[in-house]
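Every chain is numbered from 1, with letters handed out A, B, ... down the list of sequences.
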There are 2 protein chains.
Amino acid sequence: MATTSKPAQRPRDPLTRDRVLEGAVALADERGISALTMRNLAEVLDRKPMALYHHVANKDEVLDGMVDAVFGEIDLPDDSVGWKTAMRQRAGSARTVLLRHPWALGLMDARTAPGVATLRHLDAVIGCLLDGGFSIEMAGHAVSLIDAYVYGFVLQEVSLPFDTPEETHDAADAVVEQAGDEFPHLAAMAARYVLQPEYNFEDEFHFGLDLILDGLEQMVAAG
Amino acid sequence: MATTSKPAQRPRDPLTRDRVLEGAVALADERGISALTMRNLAEVLDRKPMALYHHVANKDEVLDGMVDAVFGEIDLPDDSVGWKTAMRQRAGSARTVLLRHPWALGLMDARTAPGVATLRHLDAVIGCLLDGGFSIEMAGHAVSLIDAYVYGFVLQEVSLPFDTPEETHDAADAVVEQAGDEFPHLAAMAARYVLQPEYNFEDEFHFGLDLILDGLEQMVAAG
DNA sequence: ACCTGAACACCGTTCAAGT
DNA sequence: ACCTGAACACCGTTCAAGT
């Protein structure tokens, strides 16, 4: 049997910056980023709004901290499995984490500076690639390429207007019916690919990731 | 000599949905997405706030429309140059447009459904790839991969805390000084790569794009 | 058809005050 | 050191009304 109230709240020992950020992430996950107001956040933490300002400068600092907290959840690359496997695992972890906090990528353009979790992650990734035989330039190329792909893929995934295979099916159906004349290629793709029972958007993720990792491997092997 | 006032405003003929969206894009470009309020937008359009609701249902519809308007600015693929060149040009156009409206990608996760400009663009891209010999499955893979890369790259680009090469240099300098001990690989990359005079973040874009297009070309050639 | 005024239930944040 | 009350200048949006 647990103690008193909801987890991670422990209502009345003094607030900390970390507790504020933790509450903000939980609130955004549960009720959407638009419900993340300083006033709602204070209520969840069982304080009055002004109490928050003792621990963070303003709402922007909360948003910055939330993004960094999310990046801190992503697994660091495993140094013992070779760069390619390590990058594949890390990319999968990043996707999982970013889908769990679907508001995070939309906050990136509001972020003023990368946080320490973000920098630590980047440092570990670069180290893993250098260990794997990448030159410093190639490691720079690789990080930018892999991360762009992962972020962009998840951005498409969270902005898709459906969350389940059934909804995907219905949406594709609607495209075929509504817009088959105006957008024939799109309709063909919906009918002959997306609507097939074996279609799974997640498989697209691995297709692109493998193409990228194979391409990098060839370039590294070629020197 | 122009007529009376600022362009695209023409203060007093009746508002239209398109004029509302045009004003919203201009306002977000000039003063940032946080300045985009229904009240500010009404002022720019020389109306009272409530006038907007005669042309759009609510603010969410404005945001959806803005994203679709931005997608409408991206060049459609050129059917006469081969799929690879067409995709390279289109990706470059998308990057340019998305950098011109840096708030657009951050709005994607709030979007409820793709608009017609987005669908038209996607349709043209699929058509271009099918013409180039892609199967419907390969075209699906290719669209998802290329678009993920372009969006993700630009997302990194707009969230970088600097806008000019000079600022990049200063920021990299700061990383080396502040965090050289804690993040040695990052510091090495900053010192030995990013801080070199010939470094240019834009070149990273072409590196990754070419790797992706070459990989796709090999797969298509192999059947 | 198109626009407006007044009002409601919210925001983030300042400033001065309480323990 | 940590928290609060009252206030200010904002939000998006409803409803009823004006031309």
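A straight line from CG of B:Leu36 to P of D:dC10 spans 17 Å, rounded to a whole angstrom. Regarding A:Asp60, its CG atom lies at a distance of 17 Å from the P atom of C:dC11, rounded to whole Å. What separates CZ of A:Arg39 from C1' of D:dA7 is a distance of 11 Å, to the nearest Å. As a whole-Å value, the separation of A:Met38 CE from C:dT14 P is 10 Å. Going from atom CG of B:Asn58 over to atom C1' of D:dT13 covers 9 Å, rounded to whole Å. Between A:Arg19 atom CZ and D:dC2 atom P there is a gap of 12 Å when expressed in whole angstrom units. Following rounding to the nearest Å, A:Leu63 (CG) and C:dG12 (C1') show an atom-to-atom distance of 12 Å. Separating the OH atom of B:Tyr53 from the C1' atom of D:dA17 is a distance of 18 Å, rounded to the nearest angstrom.
Between A:Ala35 and A:Ala57, the residue anchored nearer the 5' end of DNA chain C, judged by the nucleotide with its closest heavy atom, is A:Ala35.
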Contact list (N/O, under 3.5 angstrom) for nucleotides 4-6 of chain C vs protein:
{"residue": "C:dT4", "atom": "OP2", "partner": "B:Lys48", "partner atom": "N", "Å": "2.9"}

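Below 30°, between 30° and 60°, or above 60°: for B:Phe153 and B:Phe201 the angle between ring planes is below 30°, a parallel geometry. Using bins of under 30°, 30° to 60° and over 60° for the plane-to-plane angle, the ring pair A:His141/B:Tyr193 lands in the perpendicular bin.
When the side-chain nitrogen and oxygen atoms of A:Asn40 are compared with OP1 and OP2 of C:dC11, one or more of them lie within a distance under 4.0 Å. A sub-4.0 Å separation between OP1 or OP2 of C:dA1 and a side-chain N or O of B:His55 is absent.
Both distances falling under 3.5 Å, in either a Watson-Crick or a G-U wobble arrangement, place C:dT19 opposite D:dA1. C:dC11 is unpaired under the criterion used here, namely a Watson-Crick or G-U wobble arrangement in which both key atom distances are under 3.5 Å.
B:Tyr149 contributes atom OH, which lies 15.0 Å from atom OG of B:Ser144 (distance to the nearest 0.5 angstrom).
A salt bridge is defined here as a Lys NZ or Arg NE, NH1 or NH2 lying under 4.0 Å from an Asp or Glu carboxylate O, and B:Asp147 with B:Arg90 meets this definition. Between A:Arg95 and A:Glu202 a salt bridge is recorded (basic side-chain N to carboxylate O distance below 4.0 Å).
You'll find the side chain of A:Val70 stays beyond 4.5 Å of the side chain of A:Leu107, heavy atoms only. Using a 4.5 Å heavy-atom threshold, the side chains of B:Asn200 and B:His206 count as separate.
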